[in-house]
Enquirer: 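Let me begin by handing over the structure; questions about it come next.
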There are 2 protein chains.
Amino acid sequence: MTIDVLVVEDDPVAADAHALYVGRAPGFRCVGAVHSVGAALRFLERRRAEGDPVALLLLDLYLPDGHGLELVGRLRAAGHDADIIAVTSARDLATVRQAVSVGVVQYLLKPFAAASLRSKLEHYARYRASLARDGEALGQDEVDQAFAELRSADRSTLPKGLTGATLEAVAAVLRQSDVGLAAAAVGTAAGVSRITARRYLEYLVETGRAVREPQYGNVGRPELCYRPR
Amino acid sequence: MTIDVLVVEDDPVAADAHALYVGRAPGFRCVGAVHSVGAALRFLERRRAEGDPVALLLLDLYLPDGHGLELVGRLRAAGHDADIIAVTSARDLATVRQAVSVGVVQYLLKPFAAASLRSKLEHYARYRASLARDGEALGQDEVDQAFAELRSADRSTLPKGLTGATLEAVAAVLRQSDVGLAAAAVGTAAGVSRITARRYLEYLVETGRAVREPQYGNVGRPELCYRPR
DNA sequence: CACGTTTGCGTTCATACTGTTCACGGCCGC
DNA sequence: GCGGCCGTGAACAGTATGAACGCAAACGTG
C-alpha cells in the first residue's frame, strides 16, 4: 500500500529534489509536483475525481499565489483530508503554531538534509501503519501509539549521554547478528555493560533503526530481543 | 500565562467534570462549557471579539447539532486557530485519521481517568512552553522538540503487569480470527502461555475491545471463547 | 434427580529480566 | 592545577511471565 505524495514547491529545482527524495523512500510514491496554490488544488481535485486521492502533501509555505497554510484551509473546506508535511524556511513561532492548529503533522525547516526528510517520511509511514488495522475498535494505547509515531525523533546530533563511537560499536554488533539479541548479549559482544548497551539500543529503536520484541516461553520476565531493521 | 479552555460536550454532567479537571490542572483555566456546535462557534466568536480568544478546546465529537470535526472545519474557516483535544468515545480508524488531518493535537477515548486528561493537558502545556520563546528564530531541533511534546504518549494508560508489545500480539491474534478463540489457543498462536494470554484477553474485555462467551456441548467445564468486538 | 467424571478456569507464587538511580572515573575548559 | 560535566557501570527495586494446583461447572450415568 504505497502512499501517494504531492510536492507543492515554488522553486522548480527544489521541487524536483523533493520529488526525488520521496521516490527513494520505500512505500512512498511522488505522483506530481506543482508550484502554486491554485495548481495544487486543481491537482488534488483531479486525483480525487479519478478515485485516487493524494494521501500526503509536501508543502512549501511561500507560494506565488498565496500562503501554504491558506492552501490547507481551502483544501479542508473542499473536503480533502490529505495529511501535510510542511517543508519551509518559515521559522517564526506564529507560523509553526498555526501550522499545528490546521493539522500539519510534521514541520521540516529548509535547508534540510535528505536524511531528515527521509526520517520524517518514515515516521509518517509508521503512523499510517499503526492505524491500518482491519479491526475497527481502537484502544487508548493504540491511539497514543499512533500519535506518538508522528513525533519526530530524528536527531542529527546525538542526545546527551551518548557517544558516536559506542553507538557505532553497538550498531555493528546488532547488524552482524541476524537473530534477535538481548541487551546483555549485545553488551558483552560490544564490550560494554548491559546498561550501556540498553541505552544505545533504545536509542536505535527510537530512531527506527532497530526493533524490540519480547521473547516468551521461559518463566520470569520476558527477555527483550533487539534486531536491526 | 494561563491557557484558556472551552469545553464542548453534549452531556452536561460530563461537561462539568471535564471543566473541573481542567480547572485543577496548573496553568489552565476553563472559561466556559457549551453543549453544541452552534454554541461553541458563538462562544469563540464572542471571546475573540472581546480580544481574549480561547486557546484550546476539549471537544466531544458527538454533538446534537453536528459532528465535532465539522465544528473544527467551520471554526478554521472562520479564522480561529484554537488547538483541539478530542475527548470522545469514537474509536474507529476513520475518525481518528480525520481528526489528525484537521489538526487535533491529542485524542482521548472516553471513558478516561482524570489522570489521563491531566497528562494530556500537561503535554500540551509543555508544547506551548517550548514554543513560547521570545526569540523568533526557531531551529529544527526546537520545532522537533515542540512536536514531540505534542504527540508523546503517556505510558500510564496500561495497568501494571501489562506490556504494550504483548497486548499488541494478543490483540493481533484475536483480530485475525473471526471465530471465538479459547485463551489457550490464543496463547499458542501468540507465543505466550495460556495464563498470559488470558491476562491480556481479560484486559481487552474490560476495555470493551473483546467479548467473552462460554462454549457448551462438550463434557467438562465450558471453554471460554474470546472474540473481537 | 443425585453423584461421579471430566475438562478447563482462575489464582498463587517462584523467577528471571528489566529499568532506574546513584556513585565513580575521565576529560575538557578555565 | 582545579572544578564542573559527561559517559559508564553496579546495585537494587520493580515487574511481566509461566508452572503448579485447587476448584468450578457442565455432561453422563445410575
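We name chains A, B, ... by the order of the sequence lines, and we start the count at 1 in each one.
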Enquirer: Restricting to salt bridge (Lys or Arg N to Asp or Glu O under 4.0 Å), what partner residues turn up for R76(A), sequence neighbours left out?
Expert: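 Listed in chain order: nothing, the list is empty.
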Enquirer: Out of V211(B), L204(B), V205(B), which one pairs with R229(B) under the side chain to side chain contact (heavy atoms under 4.5 Å, CB included) rule?
Expert: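 Among V211(B), L204(B), V205(B), the one meeting side chain to side chain contact (heavy atoms under 4.5 Å, CB included) with R229(B) is V211(B).
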Enquirer: Give the first and the last nucleotide of DNA chain C, reading 5' to 3', that has any atom under 4.0 Å from a heavy atom of chain A.
Expert: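 The contacted stretch runs from dT15(C) to dT20(C).
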Enquirer: So which of I85(B), L75(B), V34(B) actually passes side chain to side chain contact (heavy atoms under 4.5 Å, CB included) with L57(B)?
Expert: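 In the set I85(B), L75(B), V34(B), the residue that makes a side chain to side chain contact (heavy atoms under 4.5 Å, CB included) with L57(B) is L75(B).
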Enquirer: For DNA chain C, which residues of residues 217-229 of chain A approach it to below 4.0 angstrom with any heavy atom?
Expert: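 DNA chain C contact set from residues 217-229 of chain A: V219(A), G220(A), R221(A), P222(A), E223(A), L224(A).
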Enquirer: Flag the pair L56(B) / F28(B) as yes when at least one side-chain heavy-atom distance between them is below 4.5 Å, and no otherwise.
Expert: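 The answer is yes; the side chains approach within 4.5 Å.
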Enquirer: With a 4.0 Å cutoff (strictly under), does any side-chain N or O of T166(A) reach OP1 or OP2 of dG7(D)?
Expert: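 No, outside the criterion.
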Enquirer: Check salt bridge (Lys or Arg N to Asp or Glu O under 4.0 Å) between R227(B) and all other residues, then give those that pass, not counting sequence neighbours.
Expert: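 R227(B) satisfies salt bridge (Lys or Arg N to Asp or Glu O under 4.0 Å) with E213(B) only.
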Enquirer: What residues form a ring-ring contact (aromatic ring centres under 6.0 Å, His included) with Y127(B), not counting sequence neighbours?
Expert: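 Residues passing ring-ring contact (aromatic ring centres under 6.0 Å, His included) with Y127(B): Y124(B).
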Enquirer: Let me know the distance between CG of L162(A) and C1' of dC6(D), rounded to the nearest Å.
Expert: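 Spelled out: CG on L162(A) to C1' on dC6(D) is 11 Å.
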Enquirer: So Y62(A) and H67(A), would you call those rings parallel, tilted or perpendicular, with 30° and 60° as cut-offs?
Expert: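 The arrangement is perpendicular - the two ring planes meet at more than 60°.
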Enquirer: Tell me which pairs pass side chain to side chain donor-acceptor pair (under 3.5 Å) where either residue lies in residues 187-198 of chain A, with sequence neighbours left out.
Expert: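 Pairs touching residues 187-198 of chain A that pass the test: S193(A)-T196(A).
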Enquirer: List in chain and number order the residues that pass ring-ring contact (aromatic ring centres under 6.0 Å, His included) with F112(A), two or more places apart in sequence or in another chain; answer none if no residue qualifies.
Expert: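 Per chain and number, F112(A) pairs via ring-ring contact (aromatic ring centres under 6.0 Å, His included) with H18(A).
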Enquirer: When the side chains of residues 214-226 of chain B are checked against the rest of the protein, which donor-acceptor pairs come out under 3.5 Å, sequence neighbours left out?
Expert:
unit_1	atom_1	unit_2	atom_2	d
Y226(B)	OH	E202(B)	OE2	2.7

Enquirer: Name every residue in residues 195-205 of chain B that has at least one heavy atom under 4.0 Å from any atom of DNA chain C, in order of residue number, or write none if there are no such residues.
Expert: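 Per residue number, the list reads I195(B), R198(B).
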Enquirer: Listed in order of residue number, which residues of residues 185-194 of chain A have a non-hydrogen atom at under 4.0 Å from DNA chain D?
Expert: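 Correct list: V192(A), S193(A).
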Enquirer: Please list every donor-acceptor pair under 3.5 Å in which a side-chain atom of residues 162-184 of chain A meets a protein atom from a residue at least two apart or in another chain.
Expert:
unit_1	atom_1	unit_2	atom_2	d
E168(A)	OE2	R175(A)	NH2	3.1
S177(A)	OG	V179(A)	O	3.0

Enquirer: With a 3.5 Å cut-off and sequence neighbours excluded, list the donor-acceptor pairs that the side chains of residues 93-101 of chain A form with protein atoms.
Expert:
unit_1	atom_1	unit_2	atom_2	d
T95(A)	OG1	D92(A)	OD1	2.8
T95(A)	OG1	D92(A)	OD2	2.8
S101(A)	OG	Q98(A)	O	2.9

Enquirer: Which pair of heavy atoms, one from R118(A) and one from R24(A), lies closest together, and at what distance?
Expert: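 So the minimum-distance heavy-atom pair works out to NH1-O, 4.0 Å.
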Enquirer: Please report, rounded to the nearest Å, how far the C1' atom of dC5(D) is from the NZ atom of K160(A).
Expert: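 It is 8 Å, rounded to the nearest whole Å.
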